[in-house]
Amino acid sequence: MTENDFIPRPYKVRQQEGSITWQAPSNIALVKYWGKKKGQLPANPSLSFTLEASATTTRISYSPRNTITDDFSFEILLDSVAEPGFRPKIQIFLERVAAYLPFVKDFHFTIDTSNTFPHSSGIASSASGMAALALCLADMERQSVPGMDDVFFGLKASFLARLGSGSATRSIQGPVMHWGEHSGTAGSSDLYAIPYPYELHSVFKGFRDTILLVDQGKKQVSSTLGHGLMKGHPYAAARYEQALAGLDALKGVLASGDLEGFTAIVEQEALSLHAMMMTSRPYFILMKPNTLEIINHIWAFREASGLPVCFTLDAGANVHLLYPREISRQVDAFIKETLVTFCENGKYICDQIGFGAKKM
Ligand code: DP6
């Protein structure tokens with residue numbers, strides 16, 4: 001499919017006023033998207049587990065405008081309280097999606113959003129937030145296009161979410177999502193994410209992600225800025241090659257349930273992402289001392305217990321602890337006895353692999 005396939009034909013049914021609510025989950029990348037091309041297209045393909053508990057619920061209420069101007073008309077609330085800080089990102093999003101949702105200037109929107117995780121937890125809400133908003137707008141369009149099929153709806157929502165935030169494109173469905181053109185993945189595209197089309201071993205069903213909150217402050221560097229630092233980065237070409245090799249290797253690992261292989265790819269990806277940040281200009285260290293404490297304790301625990309626990313990181317200091325559901329009891333004890341000391345205010349979030357967004 002091309003971008004043109006997402007430009008609708010003139011609508012047969014005109015929308016009146018109404019409201020739509022969707023809940024979209026966050027996701028955690030195993031192979032990281034880091035670096036982008038023009039038009040919110042990824043420099044390399046990525047693969048993620050959709051999460052379940054960490055999610056954003058967004059309700060849009062819409063009414064036709066009396067006078068249509070060339071600008072958008074919207075207000076944005078976080079937990080029902082006006083949040084003007086979100087306006088610039090939403091404005092950019094609406095500008096980018098307007099060609100694919102030609103009705104957006106015809107309505108006034110009230111966008112009311114809330115997260116299941118605390119706003120200041122250091123967990124990025126852009127993936128779940130942009131996915132929820134994209135789903136609301138795609139659903140609003142679907143009401144004007146009778147007969148739109150579910151597969152197209154999912155792709156369009158993912159396409160729109162991408163224009164808000166790259167990682168949001170992977171937050172529409174689950175349990176494993178692939179985004180970005182990749183010769184080894186049938187049906188893959190830079191324009192949207194698709195549910196991983198190959199075998200997934202049962203050990204990954206119910207996989208846990210405990211998010212250890214090392215730093216609950218605002219991110220030191222926005223992801224958007226971080227992606228920009230890959231332009232002209234001395235190691236960029238090698239990094240993109242590595243991501244492709246990781247994806248190729250992951251195919252066998254996900255099918256066979258080889259958790260040693262899984263650990264090697266996932267931890268390398270996490271550290272490689274941080275290595276890119278440490279070696280860019282300007283350079284950044286996004287890990288905190290407690291991030292390293294946690295990583296070292298995970299390695300020591302894995303060595304001593306032989307249990308398949310591994311970690312990944314996003315572009316910040318928090319650590320995602322990944323493990324099969326079957327060993328939750330032992331890992332839970334390890335978290336409480338050892339890791340919790342390194343979490344800010346002893347906080348962590350228990351999450352697991354999930355199945356995608358839900359209409360509320
Ligand atoms: C490190 O999707 O937040 O989480 O497209 O600029 O909004 P923008 O960036 P964003 O980048 C996420 C980067 C990452 C890795 C990943 O999720 O693949």
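The structure displayed is predicted, hence computed values, not measured ones. Start at 1 and go down the list; that is how both ligands and their atoms are numbered.
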Classify the contact between Ser165 and ligand 1 as side chain, backbone, both or neither, using a heavy-atom distance cut-off of under 4.0 Å. both
Within ligand 1, which atoms have a heavy atom of Gly166 less than 4.0 Å away? 2 (O), 5 (O), 7 (O), 8 (P)
Does any N or O of ligand 1 fall below 3.5 Å from an N or O anywhere on Tyr33, backbone included? yes
Would you check whether Arg170 has a nitrogen or oxygen atom less than 3.5 angstrom from a nitrogen or oxygen atom of ligand 1? yes
Using a 4.0 Å cut-off to any heavy atom of Trp34, which atoms of ligand 1 qualify? 1 (C), 13 (C)
Does the cation-pi check pass for Lys251 over Tyr198, that is, NZ or CZ under 6.0 Å from the six-membered ring centre and within 45° of its axis? yes
Step by step, would you call Arg87 with Glu75 a salt bridge (charged side-chain N to carboxylate O under 4.0 Å, His left out)? CA-CA 8 Å; Arg87 272 196 90 80; Glu75 59 204 301; over 6 Å; no
Atoms of ligand 1 under 4.0 Å from any heavy atom of Ala29, numbered from 1 in the order shown, are 16 (C), 17 (O), 18 (O)
Looking at Phe6 versus Phe152, is the centre-to-centre ring distance below 6.0 Å? yes
Would you check whether Ser46 has a nitrogen or oxygen atom less than 3.5 angstrom from a nitrogen or oxygen atom of ligand 1? no
Testing Thr58, Asn27, Thr56 one by one against Ser128 for a side-chain hydrogen bond (donor to acceptor under 3.5 Å, both in side chains), which residue passes? Thr56
Report the member of His227, Lys32, Met277 with the shortest heavy-atom distance to atom 12 (C) of ligand 1. His227
If hydrogens are left out, which of Ala161, Ser167, Ser222 has an atom nearest to atom 10 (P) of ligand 1, that is, the closest non-hydrogen atom? Ser167
Would you call Asp70 and Lys105 a salt bridge, taking side-chain N to carboxylate O under 4.0 Å as the test? yes
Please determine if Asp314 has a nitrogen or oxygen closer than 3.5 Å to a nitrogen or oxygen of ligand 1. no
What about the rings of Phe334 and Phe301, do their centers lie closer together than 6.0 Å? yes
Applying a heavy-atom cut-off of 4.0 Å, say which part of Leu273 lies close to ligand 1: side chain, backbone, both or neither. side chain
Does the plane of the ring in Phe107 sit parallel, tilted or perpendicular to the ring in Tyr62? Use 30° and 60° as the thresholds. perpendicular
Would Val31 count as being in polar contact with ligand 1, using the rule that some N or O on each side must be under 3.5 angstrom apart? no
Is any side-chain N of the basic residue among Asp139 and Arg142 closer than 4.0 Å to the acidic one's carboxylate O? yes
Could you say whether the N/O atoms of Asn27 and ligand 1 ever approach to under 3.5 Å? no
Could you tell me, atom by atom, which parts of ligand 1 come under 4.0 Å of a heavy atom of Gln40? 5 (O)
Does NZ or CZ of Arg162 lie under 6.0 Å from the centre of the six-membered ring of Phe159, at an angle within 45° of the ring axis? yes
